[in-house]
Amino acid sequence: MRKTWITVIALLLIVSTALVGCSQRSGGNDGGNVANDSGSAGNDADGNAPKTDDSAEPVKSDGGEKIRLTVYSTIGELKNQDMMKSIAADFTKENPNIQVEFQFPGAEYENILKVKMAANDLPDVFDTHGWAVIRYGKYLADLKDEPWAGNLTDTIKPVVTDKDGKLEALVLSEAKDGISYNADLLEKYGIAPPTRFAELMDAADKLKTESNGDVTPFFMSGIDNGMIGGFLDLYATSQYISPSTNDSASLLDGSFDWKKWTPLAQKLLDMQKKGYINKDVLTAKYTDMPQRFAQGKIAFVFGAPSFADEVYKVNKDIKIGIMPLTTMVDGDSQTFSGGERYTMGAWKDGKHLEESKKLIQFFAKPENMSKIANATKLPPGLKDIPSQHEFTTYYEQFKDVRVFPYFDRVYLPNGMWDVMCKTGTALVAGDVTPAQFADKMKQEYDRLRNQ
Amino acid sequence: MGRNRKAWATIASLAICLVHILPFYILLTTSFKASDDLSSKWVFPGYLYLDNFSNAWQEANMLTAFRSNVVVTAISVALIIVVGSVAAYPLARYQTRWNKFIYALFVSALIVPPLTILVPLYKFMVDIGGMNHYWGIILLFVTFNLPMTIFLYTGFIGTIPRELDEAAMIDGAGRFELFFRILLPLLKPITATVVILTGVAVWNDYQFSVFFLQHPHTRTITVALASFFGQYNSNIGWVAAGSLMGALPMIVLYLFLQRYFISGLASGAIKG
Amino acid sequence: MANVRPFTTNDVRPDPAAPLGGPAGKRMRGSAWLNLLYVPALILFGVFIFYPFIKGVQISFTNWDGYNQDFKWIGGFNYKRMFSDPDMGRVIRNTVIYGVGSAFLQNVIGLAYALFLNMNLRTRGLVRTVIYLPVIISSLIMGYIWYFFFQYDGGAINDILLLFQDEPSNLLGDKDFNSWIITFVNTYQYLGIAMVLFLAGLQTIPKDYYEAATIDGATAFDRFRHVTWPLIAPSLTISMVLNLIGGLKLFDVIVAMTNSGPGYASASMSSIMYLLYFGREDAGYAATIGILMFVMISIVSLVALFLLRRREVHA
């Protein structure tokens, strides 16, 4: 009996040690050049080679030391992840000593990066997804002397430059958030893309009544409540920053009268009350949306059409359009909200800062930027990058529309985004009134500003 | 009458089975459906479609993930058994005031909310260089499964008559010898219980693995599958297929150890 | 039974070293060095639980945002905030539903199933395995599966409801009811543990007790009331306490099914802690809630343990 017992444990240990051994060996096969490292690494499972496609690369090609760069990216689509990896593989072909290891933590990206910042243990290169200056600035190296720095587009340059002129990151793609819509549906019901908010509501009403409720004008999700917060964030810019009423000064100095938030919240509530938003707004998930969009059940989605590929999986013939945000205030012109979307910044305390910069420089090459733009279907962050995908004509059409930075990044303290999303959801759920929402915003705004 | 009653009971038991298996049925239909198939979740597809399985297998790097899971789970469970059973011995046999306190300390760790300690733990792990290494997370798993393990072993050893100790010691066996030669072999049933409970916990872990094993080569199954649930991926077919594949080893393990599992619980958790 | 149960606070057992007495007893007292055996476990605990936990307690006295290197000490401010936070009432209510609700349901149904399976049916093994199966699945995945049931659009339950009504029902959107759905899912998943514990408990009851009772003319209910119920008391204690702790710490299922919503309607202390920590960048406050949670679970489980143990003694 004792023997069986001990044998079981011994077996477990042997099997697992063998597996660890395997992992090292297979790692060696993958990269063909880690054999040296893993030998010394002993029981160290991390001795794996990164996944690169250059298995033919000779070991120690020029006697230099092997360097491994870790790159974190927020790219979620598998196809685009492969595209990024292939560019990295090209880089390793040119620089056999530098291997690039991409990681795409998906939904956990922000949490992982926050924990990493707390422990001061960041990846060599990482995506700043809209937070280059405010959140990640302290950890990023200055890239203003890089050869590509002068090519950043005029809209994006100020977004990733801090007040001392430090350039935080290479912007692979810009976000230009307006409204994505089902062009087929709009055509079917004879609706031209609206330019004013009132027109948008009229269009919604028309879609809802004429389709007998088959079409829900808007889709939002209370589970991925960034969609509700996103609506408020996008339209806050139109509402508070316009030629006739510009509250930017009071928002920045903290004297903003939050009673003004009530009408905006009321608009969201009205949309819901009139049945313009999907009935299950509280429990739908973002991932429920592409399917319904493909079935022609949804007309408008606030934000960029990053879900397009998921839609095509169900209905490949559908035509998706994009347009700038409608105006909220008379006399204003249409706008996009935006900022950096996918970027690459280098950790300033990284062990391989020079190599990181080299990698970023490689990604900044026009042919690579083109590849990225075509895959992500977003406008590139550098000037004169040719790209061709189904949305390029729209971006061309709207190239003169002003792009405002996301409202919360400029005017709200860190931590407010979540308040806006959660309370917005509570508003739609009927838990709070627009006035209570405004009070909550004021209260949290004051607290977070004073922190 | 008696026979009738039994027949009814058998039917009722099958009905219970049916109700409890429903979620697995839905998981199964989902895993065999193409992504453009929008039919009801109740309907089994009328075609054979295995892409979800092959895609999940490839895209989630399931082979690598399986290896990670097996390594981490096997070593963790082995260490949990050794450290836990050894620690339980003095706690069960020498119930001094001090040892009672130690025991309470161990078991109270069951209550600690993981998020409260996440960041300090992470910092510490970075400092000792355990990030993305199997040994780092194994140490965590061992520690966080010890409260339950010590609880079970202490209870179980308590049910083994002390006379056994006495007899062995009269025969001149030392304390250590007594433990390893006499007691350890008797711990088989409770060890089966511990293997199942902690094995499942480690195998399915998400909260720790997602932070401490981020590297694609050390990623575990749950983390790999969760990445399909990103904001822009709604590959529910893949997740369903991946979950089925990922759960299989634990189901097999459970089926094998089931017999000991209950008798182990009977004496470890209940009599103890 | 008392002499084999280890440490309860109200243990009245004499010094356990005593029964050996004589020379053996002396040897016993001299073997305190055997306590070295739990030193490895103690070191692991110290390093990976107690040390970080104390750090966590420290965080609760700061205004830390969760990632910046700098923060301010703000004394007991977060604690003051917590007691005046209007959302906390709901969160505590939900946490109690998840904890007490699931523990109650799991034990009632688990016991019923165990008694039923104890009838020596041929399907016994099958049923036991099927009911235990969900325990083996990751609770995150289990949450997603059940989301497919309760989903509004194309959800499995709505597919059936639509046969009887024109509109699908948004079950998870019902802010007063959805915490019960989550409780149900948690119950479904971990019912197997309670059942197995009761089955194990039933195994320990000698058959002749029942025979004796039957000879005395006791009905099935009498037998349950006077034989089974008192003798499975230890199973009940363990099952209750384990399920209470599990339910009070509930996290994964909530995230998968409602993400604490709508608003905070289905948030538990664990899930709101997560939202505050990562979402609102309010790590100090999140840590404070963590401490409250620790205290609350400790009190609830100690009270439950005390009451249930007392019942065991009386029985």
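Throughout, protein chains are lettered first and strands after them, A, B, ... in sequence-line order, and every chain is numbered starting at 1.
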Looking at C:Tyr264, C:Tyr274, C:Tyr147, C:Tyr277, which one has more heavy-atom pairs under 4.5 Å with chain A than the rest?
C:Tyr147
Is it the backbone or the side chain of A:Arg292 that comes under 4.5 Å from a heavy atom of chain C, or both, or neither?
side chain
CZ of A:Arg447 to OH of C:Tyr285, rounded to nearest 0.5 Å, is 8.5 Å
What one should report as the nearest heavy-atom pair of A:Tyr139 and C:Tyr67 is OH-O, 3.4 Å
Part of C:Ala267 within contact of chain A (heavy atom distance under 4.5 Å)
neither
Which atoms of C:Ile74 are under 4.5 Å from chain A, going by heavy atoms: the side chain, the backbone, both sets, or neither?
neither
Less than 4.5 Å to any heavy atom of chain C: does that hold for the side chain of A:Asn278, its backbone, both, or neither?
neither
Heavy-atom neighbours of A:Lys442 NZ exceed 12 at 6.0 Å:
no
Interface moiety of A:Lys116 toward chain C, non-hydrogen atoms closer than 4.5 Å:
neither
Relative to chain C, which of A:Asp418, A:Leu427, A:Thr423 shows the most heavy atom pairs under 4.5 Å?
A:Asp418
Evaluate C:Phe278 against A:Glu110 for side-chain contact (heavy atoms from CB on, under 4.5 Å), listing each step before the verdict.
CA-CA 8 Å; C:Phe278 289 118; A:Glu110 293 194 66; over 6 Å; no
Options A:Asn414, A:Val432, A:Val428, ranked by heavy-atom pairs under 4.5 Å with chain C, top entry:
A:Asn414
Tell me which of these, C:Pro86, C:Ser260, C:Gly154, C:Gly279, has more heavy-atom pairs under 4.5 Å with chain A than the rest.
C:Gly279
Look up atom CD in A:Glu444 and atom CG in C:Asp282, then write down how far apart they are to the nearest 0.5 Å.
7.5 Å
Answer yes or no: does atom OH of C:Tyr79 have more than 12 heavy-atom neighbours from other residues, nucleotides or ligands under 6.0 Å?
yes
CD on C:Glu281 to CE on A:Met416, rounded to 0.5 Å:
12.5 Å
Heavy atoms only, distances under 4.5 angstrom: which of A:Asn120, A:Thr283, A:Asn225 has the most pairs with chain C? Name it, please.
A:Thr283
For the CG atom of C:Asp153 and the CD atom of A:Gln291, what is their distance to the nearest 0.5 Å?
7.0 Å
Please classify the contact of A:Gln443 with chain C as side chain, backbone, both or neither, using a heavy-atom distance under 4.5 Å.
neither
Turns out that what part of C:Asn170 lies under 4.5 Å from chain A's heavy atoms comes down to side chain
Verify the neighbour count for atom NZ of A:Lys279: are there more than 12 heavy atoms of other residues, nucleotides or ligands below 6.0 Å?
no
Could C:Asp70 and A:Lys138 be called an ion pair, given the rule that one side-chain N must be under 4.0 Å from one carboxylate O?
yes
Between A:Asp288 and C:Gln151, does any side-chain donor sit less than 3.5 Å from a side-chain acceptor?
yes
Passes side-chain contact (heavy atoms from CB on, under 4.5 Å), A:Lys422 versus C:Asp87? Steps please.
CA-CA 12 Å; A:Lys422 272 290 173 196; C:Asp87 292 325; over 6 Å; no
Heavy-atom pairs under 4.5 Å with chain C: which of A:Val419, A:Leu113, A:Leu282 has the most?
A:Leu282
Least distance between heavy atoms, A:Ala118 atom then C:Gly66 atom:
CB-O, 3.7 Å
Is C:Arg90 salt-bridged to A:Asp431, going by a charged N under 4.0 Å from an acidic O?
no
Report, as yes or no, whether the 6.0 Å neighbourhood of atom NZ on A:Lys273 holds more than 12 heavy atoms from other residues, nucleotides or ligands.
no
